[in-house]
Protein chains: 2
Amino acid sequence: MTVMTPDQMEAALRHIGETRYHHLHPFHQMLHSGECDKDQVRAWALNRFCYQRIIPLKDATVLARMDDTVLRRVWRQRIVDHDGEIGDAPEGGLRRWLALTDGLGLDRDYVTSMEGALPAVRFACDAYIAYVRDRTLLEAVASSLTEMFSPMIIKARVSGMLKHYDFINEDVLRYFRNRLTEAPRDADFALEYVKKHATTPETQAAALKALEFKCAMLWTQLDAIQHVYVNGAPAPGAWRPGEALVAEAA
Amino acid sequence: MTVMTPDQMEAALRHIGETRYHHLHPFHQMLHSGECDKDQVRAWALNRFCYQRIIPLKDATVLARMDDTVLRRVWRQRIVDHDGEIGDAPEGGLRRWLALTDGLGLDRDYVTSMEGALPAVRFACDAYIAYVRDRTLLEAVASSLTEMFSPMIIKARVSGMLKHYDFINEDVLRYFRNRLTEAPRDADFALEYVKKHATTPETQAAALKALEFKCAMLWTQLDAIQHVYVNGAPAPGAWRPGEALVAEAA
């Protein structure tokens with residue numbers, strides 16, 4: 001094994017995104033091109049809440065492993081972004097996600113209880129927290145690098161969903177508007193960190209594996225949603241169209 | 001909430017098995033009725049190794065939470081059953097599982113590395129270990145109660161696979177032969193434990209939820225296998241037919 005230069009390392013990370021990030025997943029193609037029905041969009045938003053929910057938990061787990069005050073000052077902004085401020089002004093990303101599930105007519109308590117979410121989605125999210133807790137800090141930081149690729153998917157999602165779905169408007173998609181500035185800032189920092197600290201064949205391989213893990217964790221969520229809500233596989237206990245809708249939406 | 005009698009509790013547990021255990025999963029119907037091709041059987045055996053692998057880890061995690069010597073003496077037999085003895089005579093369940101993947105022509109190092117296993121399967125298995133570590137001991141024990149239902153599925157599997165697949169023989173299915181005596185013994189003990197210790201509405205509800213969790217964890221594995229190897233969904237990095245076969249089998 002030979003050591004890569006920082007530029008080669010960045011290219012290798014970008015290659016993983018190009019081949020494994022969930023912008024390639026068939027469900028996202030459906031979602032963005034208007035092929036989903038409203039219940040499939042609901043299923044996606046409901047399940048994706050599980051992922052939104054663990055982001056600040058994941059970042060707190062990473063934060064708890066950082067021995068460097070300077071590093072912690074930077075990383076804690078991620079938690080602020082997702083949790084918002086006391087009194088909820090400005091609101092955080094988690095609340096902005098609930099604006100989407102609200103807009104889709106899903107009962108908020110049902111969404112946040114996660115009782116109708118697919119087990120596969122919850123397992124994937126829990127795996128992410130365990131990953132950043134149990135692996136090296138370098139791997140934990142590297143696993144966040146899917147944010148290098150998220151602006152691409154967010155732009156396609158926002159424009160596609162606004163264009164194709166009459167039940168979607170800019171206000172309910174406001175989660176993504178904020179992410180367009182937050183994600184590149186976070187990704188730039190994490191990429192520099194990884195390029196600086198992954199300086200041996202072993203640590204470089206570990207960082208690349210970490211990004212592969214994260215891509216698989218995102219991909220797995222969409223597989224589960226597609227399997228149940230597109231292919232129509234039975235899912236004992238999972239949300240079914242018509243369930244947990246607020247009166248106006250039902 | 002009212003308290004159930006032990007008999008009512010047992011009936012409620014059995015009802016969960018009847019409605020959520022993976023004997024109902026479409027992939028098992030395929031597997032047992034001869035509708036799988038050899039690569040689909042390989043995909044199942046390869047992925048299911050991840051579950052076999054964590055059983056002794058799961059039981060060691062439970063054991064580490066038992067403060068009662070008498071209880072530990074009983075529970076440790078599960079680890080013996082799966083790990084076998086030093087020198088591998090008698091062989092344990094894990095080794096007997098590898099007799100199946102060997103028989104299917106899969107490279108043993110590839111199987112045990114789990115590099116071609118589906119992330120969803122690995123996440124589900126990890127979720128099971130986390131569950132028995134983080135929940136109450138009652139919930140950990142109750143989550144093992146799928147073994148109440150496993151003789152039913154094993155009988156259908158062994159007779160169905162022997163009948164329908166010319167690449168399967170009794171020797172490669174020897175894992176299941178042992179389970180037919182081990183599982184009922186383990187299940188009887190765990191059922192008595194749960195009936196004795198789940199004596200309030202809260203603990204009874206928790207024990208039932210634990211069994212639901214375990215059923216979902218098993219179901220999720222088959223969903224992932226079906227999605228990729230029956231429905232043909234892409235799976236970056238996962239085993240593909242033709243890969244990792246030993247010379248004679250390829």
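Letters A, B, ... are given to chains in the order of the sequence lines, protein chains preceding strands, and every chain is numbered from 1. When reading the values below, keep in mind they use all heavy atoms of this one structure, side chains included, and skip hydrogens, waters and symmetry mates. If you're wondering where the values come from, they're calculated on a predicted model, not measured in any experiment.
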(Q) What part of Asn231(B) gets within 4.5 angstrom of chain A, counting heavy atoms only: side chain, backbone, both, or neither? (A) side chain
Q: Among Asp223(A), Val228(A), Leu24(A), single out the residue with the greatest number of heavy-atom pairs under 4.5 Å to chain B.
A: Asp223(A)
Q) Do Gln226(A) and Gln40(A) come within less than 4.5 Å of each other through their side chains, counting heavy atoms only? A) no
(Q) A side-chain contact here means heavy atoms from C-beta on lying under 4.5 Å apart; do His82(B) and Tyr175(B) qualify? (A) yes
**Q.** Contact leader toward chain B among Ala120(A), Cys215(A), Ala233(A), Ala224(A), where contacts are heavy-atom pairs under 4.5 Å
**A.** Ala120(A)
Q: Please indicate whether Arg240(A) has more than 12 foreign heavy atoms, meaning atoms of other residues, nucleotides or ligands, lying under 6.0 Å from its CZ.
A: no
Q | Side-chain heavy atoms of Arg78(A) within contact of Ser144(A), under 4.5 Å | A | yes
